[in-house]
Structure formats: C-alpha cells, structure tokens
Amino acid sequence: MSEQYKSREERRKKQAQQSSKKKKNKKPKAGLWKKILISLLAIGIVGMLAGGVTFAVMVAGAPPLDDKKLKDSFSSKIYDMNGDEITEFGQVKRTYVPYDEIPKVLENAVLATEDARFYEHNGVDVIRLGGALVANIQEGFGAEGASTITQQVIKNSLLTPEKTISRKVQELWLSFQLEQKYSKQEILEMYLNKIYFPGNVYGVAQAAESFYGKDLSELELHEAAMIAGIPQSPNNYNPRTNPENAEKRRNIVLTLMAKHGFITQAEADEAKSIPVQSTVIEDTEKANPYHAFVEEVIEEVKEKTDIDAGSAGLQIYTTLDPDAQDTVENVMNGDAVDFPDDELQAGIALIDTKTGEIRAIGGGRNQPVGGYNYATDTRRQPGSTIKPVLDYGPVIEHEKWSTYEQITDEPYTYSNGTPINNWDRSYKGTMSIRDALADSRNIPALKALQKVGLEKAQDFAQGLGIPLEEIYESYAIGGFDHGVSPLQMAGAFSAFGNNGIFNEPYAVKKIVLSDGTEISLAPDPEPAMSDYTAFMVTDMMKSVVEYGTGKSVRIDDVNIAGKTGTTNFTEDDKAKYNVPSGASKDAWFVGYNPNYTAAVWTGYNITEDSEKVYLDSSDQRLARAMFREVFLEIAGDDDSDFEQPSSVVEKAIEKGSNPAKLASEYTPSSNITYEYFVKGDEPTTVSKKFEKVEVDKPSNLSINYDQVNNSISLNWEYGDTENVSFEVKQSIDEGPYEVVNNSKDKSFTISDVIPGAIYSYQVVAVSDEDDSNRSAAAATKVQVPEPEVDIPELPEDGTDEETQPDEEGNKENNENNQDENNGNNGNNGKGQNGNADNNNQDGNQDNQNEDGQDDGNGETPTAPDVETTVPPTNSNGSNEEEEEPEEGQ
C-alpha cells in the first residue's frame, strides 16, 4: 500500500530526501570502480615493463644469424654403445636447387601444408596459431602445424630443441630478424633444400629423383603433394614402407591445396584417385648392416627434438651393439636358418632387458636403403605372444593368482556366444595357469582376461607400451584390429624381466649440439606392475621354454623365458589365397633372459601378385630358430637367472588339489609341484590324501631247491596286493644284495644256480603310491648241494682181485665188516650205512615242502625264528638263520 501524505508539499519534501539518499549511496560505488581501473592500469604498466625486461633478457641470449648455418648443412656423426663412430650421416644424396628451379606445384603444396600465409606474415603468423587447432580437428591430425616456415628454418639451423619459453621467445625474435635480412624466396629456398626424406635423402630435388626417378621440374600434382607431406614424419609417411599412411597424408595435402585455392577440387579429386605406390620406384641401393638402426636413430632424434640430424652437425651417441647387430644381420640373411624362399620376411628387435636400450635391429631380409623396417614399422597381430601381457599378467597383478591357479580347459564361448577353440581343437580339463600358458591354451587365457576385466587388462598393456585404443575379448588370444611391432613386443616383455619396470625402447642416449650442449634422450623408467607379477609371469614363461611350445629354443644353462605365437587367416582369405589347413599368417617368438630381450616376427607381404602368403608347419618354426641362433651368439654363456623378490613365496603343492593344498610328508614326490604365490596369499592347509599307511611284511616265506631243474623258487603270502608290489633282493655267497625282481607276483624262481653256493633272499612289500613306504623284509637262504661223485663198480664176488688177502685174513675181515654193518643198521634205523646217510643229509632237508612237513625222508625239523625253511647245515655242522634287515634297506 502506498504512503499517504497530508499535502503536496510534504510529498515533495519526502521525495527529495529519498533522492538525496540514493545519490549518497552511489558515490562510493563510483569511487570503487575508479580505484579498480587505476589499479589495473598500474598492473598493466608494471607487467609491460617486466615483460619488456624479460623479453630483452631472453632475446639477449639468442644466437646471431649465421649465414653458413642457415644455408649450409652439417653432417652428424653417430656413435655406438662403446663410443666408436659407426657412420657419418648427412653427407650424401643432396642436390641443392635455387628458388627459381623449384616448380610452382611443389611450392604450393608445401605452402598449403606448412605455411599458407607465408607471403603475408613477417615471420610469425598470429592467425595461424589459432587456425592450426581448428584445422587439426576438422581435417585430421597433422593437417596444419603452428610454426611458420621461417620459424622452422630458425629452429633447425640455429636453436637448441628444448621446449622452453626462453627458446620460443628467441625463435620468434630471430624469425623477425630473418625476415628483415632475407627475402621470402631465399627463406623458402633454405627450407626446401634442407628437408630430410627416408633413405638418407635431403632436399626436394633429391627426393624427386629417389622416389620417382624424375627431375624436380617433371613432378606431377600427386607426386608433389606426396613430397610435401613426407617431412612431417618421414618414416610414418614413407610411400615405400607405409603406403596406406602415406596415401592418407598425401590426400590431406591435396585437400589443403584446394582449400587455399592453389588447385581446384576437381584437380584434387583426380590426384587422389592415383594409388600412391603406382609411380614410386624401387630403391635398389643395398643397405649396410647398420642401416635399419641408423634410420631409427634419425627418426628418434626428429621426434624427440625436432632436429634434422642430417643437417645439424650433431654428435649422436646410440645404444647400438655392433657385434649384436652383425649377429642379427647374419641370422636374417645368412645360412644359419634355412628359409623357404627369398620372399619370406622377418623382423628382429634386440634390446637390453634392464634398460630398454636397443642393441640391434633386423629391419628385414635383403632390404635396400630406405626399405620397409619390419622390426619397427610393421603392425601385425601378435597371436598368443600377447597372453602374458593381456591375460595372465593383469590377473596376477589384480587378483593375485598363483602360478598354480587351477583353471578348466573345456568347451567355451565368448560372452556373445561365439565359440572359442584351442589350437589343437581339444580340451585338457583342469590344469594350472602355468601349464595353460606353456601349452598355449586359448580357453584358459580368455577366462583369465574375463576374470580381471577388459579395462584393467587394457591399462596393464598400455603401461607396457602396447597401444590399445580399444579392447575386445578376442584380444585375449591376439586377434587385434591393429597390430604391433617386434620392437613394441620386446619392450613389453622386457618389463617382466626387469622386476616390473618398463623402459620404452630407445636407440639414442644423448646428442651433442654443435655448440657443445648435451641433451639426454633416454626415457625415464616407469613402474608397470608389481615385482611379484613380473617374477611369476617370468617363471611361467620359463616353463614355455622348458617343456611347452617354445622348447625348441632351449639353450643349456641359459635361463630363457618366452612365448610363441601364430595367427590365422580369415575364412575369406583362406579361400582367396588357397591357404592349406594348418597354415598361419604370422609366427612370433618373444623371449628374454636377465640381460637381453628379443622379439622375432616372420611372415609374408600379402599382395595380389604374391605367389605364397602363408607359413606352413615348417615355416612356423623359423621365428624360434632365429631367436635361438641370436641368443646362442650373444648369450650362450650367460647363466644368470631372475631373482625372486621378497613378495613371492614358493610352496610344495600336492598336484590336483583345488584349492591348492600343501604337500604332506607322505605325498609321493611324483605328486608334488613347486609353485609361486604372492606372499600372504599362500595356502596353509596340508593335504591328508596320502596319509602314510604301514605296509605289512610278507608272511610264510619259503624256499625250495629243485635238483632236477637246478633252480630255486621262493613263495610267500600277502593280503590285499592292489596297492603294493614286491621287491626281491638276492645275495650269493654272503655277497652284497641286489634287486632281482620287482612285481606283484608272490613267487620268484631263479634257474641255473651255482652248485655249492649259498643263496640268500629278502622280500619287501612296496607301496605303489609311494615307493618310500616299504615293509620290513622277510628273509631266507639255501645252500645248493654239491653234485654226487660216481663210485667204481666192484667185482661180482665183492673183492678186489689185486689185493685179495689170504683165506684166514679174509675170514677175519668179513667177520669185522659184519659186526660194523650190524652196528650201523642199529644206529640209523633205515637199513642204510652211515656214510650214505651223511651224503644225503642236505638233499633230504632240501626236499621238505612249503609247510615244513617231512617229504618222506624222515623227521620234521623244528621251525626257525625267521619265516624260512630249515637252511642246510654249514661247514661247521650248525644251522644259520638270516637276520631281518632294517626298514628301508
């Protein structure tokens, strides 16, 4: 409700008062803004002064414009790991051309790609700085750079490569200075004559001759666009070795030329329709042993410093081991391995396990200079070599699986229902992940990946330098959409041998600039996994070499861990190229010891004209054979082993237990396996499966000598013989005991015994499940009788004609004989004379039956303390008993 006033005058006064209050309230606000503006102005002035001083200080440290450095090129020297020079780079393949000999089509291609406003700015294009970001987003990465051509000339000729504010300020300042001293045409001439191209080629004139066999003036539009596109990344855009990438790059250049009005869209489309390889000529120059390595060095310097090694006069200190490089080259191109033909290709990357330093590169078989580098540039599916990286490494890292973890190899499918098969189309049931990796089973590998999860597996692989932008379950067995190189695989595997620390493989340790400035290019080590993961995966891969799919690479006393891998063709390619059953597309072996890591790839280039594109069963062994030949030479006497970290414990596990149980003191050695566990996650339960049950002693052991067959037979009794066997030991004439029989039979016979010899026996029952579980011994012995001596026949009258006594003496003698016979008959009670009875004593005792009963020859003897028949009397006429041996004898 509005206020009520008594008069108009009262209302005017009231309104005036309110108006006065509003004015008073506004005065402070106006004063505040004034203060803010003054403060900002002061800050701006101070900032400008400070910036000016800083700019002046930075510019004062800039080098002078040196005509010689701007126009001349200086070769760089490359040194091996020992500091010895291996080559001087940048002195060959250079043709300098003046500006007026550079065709307009090439100039336009370069300007559209590198600096479209080159003729409009004064060395620095402010508009281009913002436009570069938009172009990269709209037209693809690499469409346009932020630096002008003038800046690139300054950067490559005069400045160090550090990416600092000071360096950038100096670059901008010198670019303005360069534009003041030289014409645009002279600056462009400097730039075009210094560009590096693959194959140790410098300048656009030499590039035209090298790639197209043409004079610079003869270049067609699509060729000029390709030459303009290569320098940004010479190896990636090499039309000989990376035609697909090169063609994409060339087409970007043509698009930019049309965009900036240098050509029409129709001309761009026509040029794009020409295959990039259609006019590129082959490079016939033979590569030297270090060529593949040198190209990697040049590319690495370019990528890490943006310096052109061929013109900057650098000293480049590399990681090259010349002896190892010679070995790799000999294996690639020599007689150590029997290659099926000259078309089969291979790539080898050899690095230091601990540092990641590249020791040697096998870029390909019989490759020319500038040829494709199969060790660094190829991208092929890794097959089963990826299993440690993507499956078992991540699951041990995150789930702390042991090397014994039980997993079932069985019919199985991917999550979408697609069946997955093993390489041999069979299943082996429950097994440890150690054995699953050793035999390269696919189904356990997929289960391991599913357990840890795709995201964690992807992160793990990326931490090892494997560039996975996406991941699918099929990647578990190496079915990548985009492949990997041998150098990438060597880098990933070396981290397992380096306690989980990843070093990105590198070829350049440091560079020394022409002014003496040293710049280290060695990457920093990065933790990629726990030390327990590294050690346990390594030990599993040692099993691959000891008894698994990689056993053909074994070298005595050299501790090698590694993994095999092969890849298959699609069904369409099998039909298209007539691929036989069992053939593969790629074959790999990646392995390492504590000092070296090597990755070997073999396969064919697949083109429409290829006569053969597949590896048969013998070809698939070449990767392993090449690895072994290299390691024999460089590590054949290296017996170093991987050190077990404190985070890992080894336990004796009873085979077949699930979950794992410790072996008991009764577990047979054949049922024990030694496996590794993460400390704190090892099993504590002891298996009771093999509790020791005492084995009973054989009973009623008897021995018989068979005079007719001249043999000895043993017989004994025993209860249930299902789980026992019987060991029979024999001693002859008190000599040492030797095992003469081991079977489940409860009898034993030996023929052709020695007359007069003493045969002693021990019979022991032995457990079939544990041969150390043995009974006490039952023992017996027998002496084989001597053969009887023939007695000559007497005359019919019973007298000896030659010694007949007289009649009286004969009568007396007959009477004495009669008395003696009567006495003997009374003594033995058998009507036999005493001498004859004594001669048959051993034989009568020997003819007793198994029960110890009389065999018809007389008395039943008293049973001895041991389970045996009565042994024969010894030479002293006493009975001897065999003592029972102690258990275990």
Side-chain angles (χ1 to χ4, degrees), residues 69 72-94 156-157 160-162 194 196 198-202 234-235 285-330 348-363 367 369-370 373 375-376 487 490-491 494 503-525 595-598 630 633-634:
K69 289 184 178 179
D72 295 341
S73 295
F74 297 91
S75 60
S76 296
K77 293 183 178 181
I78 300 178
Y79 302 89
D80 64 19
M81 61 181 289
N82 303 313
D84 298 325
E85 182 179 335
I86 58 174
T87 188
E88 188 168 356
F89 180 74
Q91 288 187 324
V92 296
K93 288 191 175 182
R94 184 186 304 278
N156 292 332
S157 302
T160 61
E162 291 94 347
K194 281 195 170 186
Y196 167 72
N200 201 15
V201 172
Y202 286 87
N235 282 355
E285 182 178 346
K286 182 68 176 177
N288 62 62
Y290 305 137
H291 176 72
F293 190 93
V294 168
E295 285 206 344
E296 177 65 19
V297 167
I298 297 167
E299 184 70 12
E300 197 170 299
V301 170
K302 179 70 174 176
E303 289 181 354
K304 292 183 177 181
T305 68
D306 207 21
I307 293 178
D308 180 0
S311 61
L314 306 176
Q315 296 179 56
I316 306 174
Y317 292 88
T318 76
T319 62
L320 175 73
D321 181 342
D323 293 335
Q325 184 67 47
D326 290 342
T327 296
V328 167
E329 287 295 325
N330 290 337
I348 300 178
L350 177 67
I351 70 175
D352 187 296
T353 301
K354 295 183 177 67
T355 66
E357 295 181 355
I358 302 173
R359 295 297 180 220
I361 291 178
Q367 288 293 89
V369 173
N373 191 324
T376 61
L487 185 60
S494 66
N503 290 288
E504 180 184 358
Y506 65 101
V508 181
K509 292 188 285 189
K510 69 176 182 179
I511 61 174
V512 180
L513 306 183
S514 56
D515 63 359
T517 302
E518 290 191 9
I519 302 174
S520 173
L521 300 187
D524 294 327
N595 294 309
Y596 293 99
T597 300
V630 170
E633 185 66 27
I634 66 171

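For the numbers below, each heavy atom of this structure counts, side chains included, while hydrogens, waters and symmetry mates do not.
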Residues Ser494, Thr353; criterion side-chain hydrogen bond (donor to acceptor under 3.5 Å, both in side chains); working and verdict: CA-CA 5 Å; Ser494 66; Thr353 301; over 6 Å; no
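- For Thr327 (side chain) and Asp323 (main-chain N/O), a donor-acceptor pair under 3.5 Å exists by modelled atom type.
- Tyr596 pairs in a side chain to side chain contact (heavy atoms under 4.5 Å, CB included) with only one of the listed residues (Ile351, Val630, Asp321), which is Asp321.
- Contact record, Pro505 with Gly491: CG-CA, 3.6 Å, taken as the closest heavy-atom pair.
- Here the CD atom belonging to Glu295 is positioned 10.0 Å from the CD1 atom belonging to Ile361, to the nearest 0.5 angstrom.
- To the nearest 0.5 angstrom, Leu487 atom CG is 8.5 Å from Glu504 atom CD.
- Between Leu320 and the options Glu296, Met81, Gln325, a side chain to side chain contact (heavy atoms under 4.5 Å, CB included) holds for only Gln325.
- Here Ile316 contributes atom CD1 and Thr87 contributes atom OG1; the two are 10.0 Å apart, rounded to the nearest 0.5 Å.
- Between the CG atom of Leu350 and the CD1 atom of Ile358 there is a distance of 10.0 Å, given to the nearest 0.5 Å.
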Tyr506 and Thr319: CA distance, side-chain angles, deciding distance, side-chain contact (heavy atoms from CB on, under 4.5 Å) verdict: CA-CA 8 Å; Tyr506 65 101; Thr319 62; 3.9 Å; yes
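- Summarising the geometry of Tyr202 relative to Ala309, their closest heavy-atom pair is OH-C, 3.9 Å, with the distance given to 0.1 Å.
- The two residues Ala349 and Ala375 make their nearest non-hydrogen contact at N-CB, 4.5 Å.
- Around NZ of Lys77, the count of heavy atoms belonging to other residues, nucleotides or ligands within 6.0 Å does not exceed 12.
- A heavy-atom distance below 4.5 Å is not found between the side chains of Ser76 and Gln315.
- Note that the CD atom of Glu633 and the CG atom of Asn330 stand 8.5 Å from one another [nearest 0.5 Å].
- Among residues two or more places apart in sequence or in another chain, the salt bridge (Lys or Arg N to Asp or Glu O under 4.0 Å) test is passed with Lys510 by Glu518.
- Listed by first then second residue, pairs satisfying salt bridge (Lys or Arg N to Asp or Glu O under 4.0 Å) with a partner in residues 350-363 read Asp352-Arg359, Glu357-Arg359, not counting sequence neighbours.
- Asn82 places no side-chain N or O within donor-acceptor distance of the main-chain N or O of Asp84, the cut-off being under 3.5 Å.
- Using cut-offs of 30° and 60° on the angle between ring planes, the pair Tyr79 and Tyr317 is parallel.
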Val512/Leu314 under side-chain contact (heavy atoms from CB on, under 4.5 Å): CA gap, chis, key distance, verdict: CA-CA 6 Å; Val512 180; Leu314 306 176; over 6 Å; no
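- Scanning all heavy atoms of the two residues, the minimum distance from Thr597 to Ala490 falls at CG2-O, 3.4 Å.
- The structure places CD1 of Ile511 at 11.5 Å from CD1 of Ile78, a figure rounded to the nearest 0.5 Å.
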Check against side-chain contact (heavy atoms from CB on, under 4.5 Å), Glu329 and Tyr290: CA-CA 9 Å; Glu329 287 295 325; Tyr290 305 137; over 6 Å; no
